[in-house]
Protein chains: 2
Amino acid sequence: MENLFEKPLVTVDIIIFTVVDSDLKVLLIRRGVAPFKDMWAIPGGFVRSDETLEEAASRELVEETGAKDIYLEQLYTFGNPKRDPRGRVITIAYFALINSENIKLHATTDASEAKWFSIYDLPQLAFDHKDILDYALKRLRWKLEYTAIVFQLLPKRFTLAQLQKIYEITFHKKFDKRNFRKKILILNILKEAGAQKIVKHRPAKLYSFKGKIERIIEIF
Amino acid sequence: MENLFEKPLVTVDIIIFTVVDSDLKVLLIRRGVAPFKDMWAIPGGFVRSDETLEEAASRELVEETGAKDIYLEQLYTFGNPKRDPRGRVITIAYFALINSENIKLHATTDASEAKWFSIYDLPQLAFDHKDILDYALKRLRWKLEYTAIVFQLLPKRFTLAQLQKIYEITFHKKFDKRNFRKKILILNILKEAGAQKIVKHRPAKLYSFKGKIERIIEIF
DNA sequence: ACAAAAGTGTTGAGAGTACACCCATGC
DNA sequence: GCATGGGTGTACTCTCAACACTTTTGT
């Protein structure tokens, strides 16, 4: 009866999404220890007693990617008593969006153990991490549809084609170019920011996101 | 350094909403012990080591209201290290929707200590429970707007006026009767289910929700 | 001149909004 | 017959989806 109220371990896991090479990717790490040794897993770690959950997630994010000031949002808390064979571990999952520019700057952390995987071509995952990832993907799609979160996946200046590409990748379907551009531009959230250089075809206009990002994302 | 990784306590808290007397209400309990003795708080309790988080929430729900098979959904996890003055307590908040019929059946649990409060007229709350409640209300509004969750707040058979009333209460504004009815009926999710009796005016048609509730609610 | 991607408008269908009167019942 | 809430239709606006050709640049 006593251990019925035993304290669980509490971790945060972070699903880190990015779009590179026309593909939606997620960062996974290879486990060095049992259980699930050598399998791929979502990065995470224990919550320290002096930090908030968001601080814990943010700290793990910096440890894995070196990237600071990244969009981070709490996803869901997974607490099935059997999810970790070693004992009760409750994990608060976060998801993070990082743009391809930041990746290139910081891809050097522990490179032998961390790798970007296409969301459409995943290895087998440790624990219940496949469920967590499925949930994260659902949330990402929803957020792209109903909020202005997409700009977290883009560099400061981008073309409308890049923007459209992100939607096509995450929703796994094509959109009509004219309708897409009309829909975005009518929102009046972009401002023109010069033009591409050094391309071997007609250079596209560059845009940047006008609003304070926080303001628009707060739809939820 | 050792207690930096001390295990936190983990609780679930449940925000239980209902609509009665043309008002949106939430169930609160009066605390019998310090800290915040005699203040009102969201019901909750510790997660046992053999149960899932949802089972813990469901168990607390039964303990507070006696009601089973109630709609329950995970809301958010609150883990600020200072949220409980006694030490680190992480709480996974759930929210539940219960219809007024069920309330009347089970309002007898520990009645001196539990009470329904209008969401628009709340007492001061213990801990960070006001934040949790604000968050729950946002989620409820969002869900009402974009999912078929409203039927969880209604008895099996209901009138369109009752349905409209719930929207007016939670969004705190009036809707046009003709447009509202058109919008609902065109969705083709209701079926007629007889008529009211014993009313002192023209009796309204009763409707019931056609779909499997789970199917439609899964929008998120 | 050709390859490659950028850029641009119109039409039709459906959804949302505004708005006011008659109907069925109990007393 | 009157008080109470129930029930109904139309016209306008706006948003969304379908659809194909011209423009600019580098080679």
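Chain A is the first sequence line, chain B the second, and so forth, proteins listed ahead of strands; every chain is numbered from 1. Small disclaimer: the values here were computed from a predicted structure and weren't measured.
When the ring pair (Phe, Tyr, Trp, His ring centres under 6.0 Å) test is applied to Phe127(B), the partners found at least two apart in sequence or on another chain are Phe36(B), His129(B). In this view, Ile29(A) and Pro43(A), Glu64(A), Ala114(A) satisfy the side-chain contact (heavy atoms from CB on, under 4.5 Å) rule, not counting sequence neighbours. Residues that satisfy the side chain to side chain donor-acceptor pair (under 3.5 Å) test with Thr52(A), not counting sequence neighbours, are absent from this structure. Residues passing the side chain to side chain donor-acceptor pair (under 3.5 Å) test with Thr91(A), sequence neighbours excluded: Thr11(A), Asp13(A). By the side chain to side chain donor-acceptor pair (under 3.5 Å) test, Lys205(A) pairs with Glu192(A), sequence neighbours left out. In this structure Glu60(B) satisfies the side chain to side chain donor-acceptor pair (under 3.5 Å) test with no other residue, sequence neighbours excluded. Applying the ring pair (Phe, Tyr, Trp, His ring centres under 6.0 Å) test to Phe171(B) and every residue at least two apart in sequence or in another chain returns nothing. Scored by the ring pair (Phe, Tyr, Trp, His ring centres under 6.0 Å) test, Phe175(B) finds no partners at all (sequence neighbours excluded).
Protein chain B contacts DNA chain C from dT17(C) to dG26(C), reading 5' to 3' and using non-hydrogen atoms of the protein with a distance under 4.0 Å.
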- With sugar-phosphate taken as primed atoms, P, OP1 and OP2 and all else as base, the protein-contact string of nucleotides 8-17 of chain D at under 4.0 Å (heavy atoms; B, S, -) is BBB------B

Would you be so kind as to tabulate the donor-acceptor pairs closer than 3.5 Å made by side chains of residues 154-162 of chain A, with sequence neighbours excluded?
residue, atom, partner, partner atom, Å
Arg157(A), NH1, Ala193(A), O, 2.6
Thr159(A), OG1, Ala161(A), N, 3.4
Thr159(A), OG1, Gln162(A), N, 3.0
Gln162(A), OE1, Thr159(A), N, 2.9

N/O to N/O distances under 3.5 Å, protein versus nucleotides 23-27 of chain D:
residue, atom, partner, partner atom, Å
dT23(D), O2, Arg202(A), NH1, 2.8
dT24(D), O2, Arg202(A), N, 3.4

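Taking the centre and axis of the six-membered ring of Phe117(B), the NZ or CZ atom of Lys115(B) falls inside the cone set by 45° and 6.0 Å.
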